[in-house]
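I have placed the structure first, in the form of structure tokens, so that the comments after it can refer back to it.
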Amino acid sequence: MRAVRMTAPGVLEQVEVPTPTPGPGEVLVRVGAVGACHSDLHILDAPPGAFPTPITLGHEIAGTVDTLGDGVTGWSAGERVAVYGIIGCGTCRGCLRGLENQCRTVPLGGIGLSRDGGLAEHVVVPASRLLPVGDLTVTQAAPLTDAGLTPYHAIELARPALRPGTSAVVIGIGGLGHMAVQILAATTAVRIIAVDSNVAALDLATRVGAHHVVPAGPDTVDRIRELVGPAPDGADVVIDCVGVDATLATARGVVATGGRLLLVGLGGGTMPVRPVADEPPTVPLETSVVVPFWGTRAELQEVIALGRAGLLTADVQTFPLDRAPEAYDLLRAGEIHGRAVIVP
Ligand SMILES: [Zn+2]
Ligand SMILES: [Zn+2]
């Protein structure tokens with residue numbers, strides 16, 4: 001079968017590999033669609049040894065059930081599925097509570113991260129990683145598994161602060177950000193403020209439910225403050241889907257006292273947090289800062305429900321498998337709007 005693999009650190013190429021065989025408890029999935037994620041760029045850019053090579057990338061997978069391994073029941077060939085990418089140990093305190101994204105045993109990894117992923121015609125996954133997606137198309141289902149799930153989990157963590165009439169700021173309207181806006185629109189009655197440096201991204205934000213859009217620039221904080229009011233008031237929740245120094249500065253510059261900062265984008269920036277009552281504070285008093293990671297299987301089931309209800313739709317740009325490297329180049333250049341989805 002054809003697969004797009006990281007054959008050496010930083011090298012992504014299409015190669016021919018044997019079609020894998022599912023072991024006991026596993027399922028061979030015919031891949032229908034795979035989302036291209038910024039995390040894949042981090043994997044490609046990581047120093048040698050940080051991730052195994054060669055490895056088939058792709059952790060945002062939907063497809064159809066092909067072949068069942070020994071002992072697998074409850075699935076039949078042709079059934080349309082989404083793949084939950086995390087494989088926790090199943091026995092630690094995190095996993096026992098259903099929080100496999102907080103597994104305390106297995107290092108950061110998963111399907112397409114520490115074992116072969118979905119940028120191929122087929123992928124083998126543990127049967128327990130499959131969720132049914134009903135009549136959703138595979139190109140719609142794939143982005144739900146990360147671009148949808150990650151902001152959904154972040155929003156779940158901040159749910160008590162998302163009171164009707166409060167404000168939530170979403171910074172970075174890319175693959176995750178445009179889903180965050182829709183999840184807020186579908187599940188809350190907050191005022192949604194979207195921030196991006198790109199006009200097309202702000203147009204997308206408006207189309208999917210943002211009430212206000214603010215172009216990123218030197219006066220971003222002032223522009224948002226005009227909407228949310230001066231300190232110590234402000235935005236109750238800020239979701240930073242970028243995570244570089246500039247966006248983190250915007251995030252802590254607009255969050256309200258007692259607000260929630262959700263640092264979803266792994267952009268490598270730094271946010272100072274100093275426990276003093278100086279003015280202006282690095283972060284306001286009573287504010288919590290969280291670095292959410294992906295989400296839980298239960299949350300993915302809920303995200304799929306939002307998708308099936310027509311309340312969460314990824315804006316997708318599709319590429320055939322042999323153009324996957326080009327899709328990642330465009331993603332790196334900031335030229336993908338919504339989610340790039342590769343269709344093997
Ligand atoms: Zn990802
Ligand atoms: Zn665990």
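Note that ligands are numbered from 1 as they come in the structure, with each ligand's atoms numbered from 1 the same way. Positions are given from 1 along the sequence.
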Interatomic spacing from CD in Gln182 to CD1 in Ile192 - rounded to 0.5 Å: 9.5 Å
Electrostatic pair Asp45-Arg332, nearest N-O below 4.0 angstrom: yes
The Zn ion (ligand 1): protein N, O or S atoms [distance under 2.8 Å]: Cys37 SG, His59 NE2, Asp146 OD2
Polar contact flag, side-chain donor to acceptor under 3.5 angstrom, Thr137-Gln140: no
Worked verdict on Asp146 versus His59 for side chain to side chain donor-acceptor pair (under 3.5 Å): CA-CA 8 Å; Asp146 179 8; His59 56 268; 3.0 Å; yes
Side-chain H-bond candidate by donor/acceptor type, Thr64 with Arg80, under 3.5 Å: no
Interatomic spacing from CD1 in Ile86 to SG in Cys103 - rounded to 0.5 Å: 9.0 Å
Residues His122 and Asp66: side-chain donor-acceptor under 3.5 angstrom: yes
Side-chain donor-acceptor contact under 3.5 Å, Glu60 with Thr145: no
Student check: side-chain heavy atoms of Thr139 and Thr318 closer than 4.5 Å: yes
Atoms named by residue and atom, protein N, O or S, within reach of the Zn ion (ligand 2) (under 2.8 Å): Cys89 SG, Cys92 SG, Cys95 SG, Cys103 SG
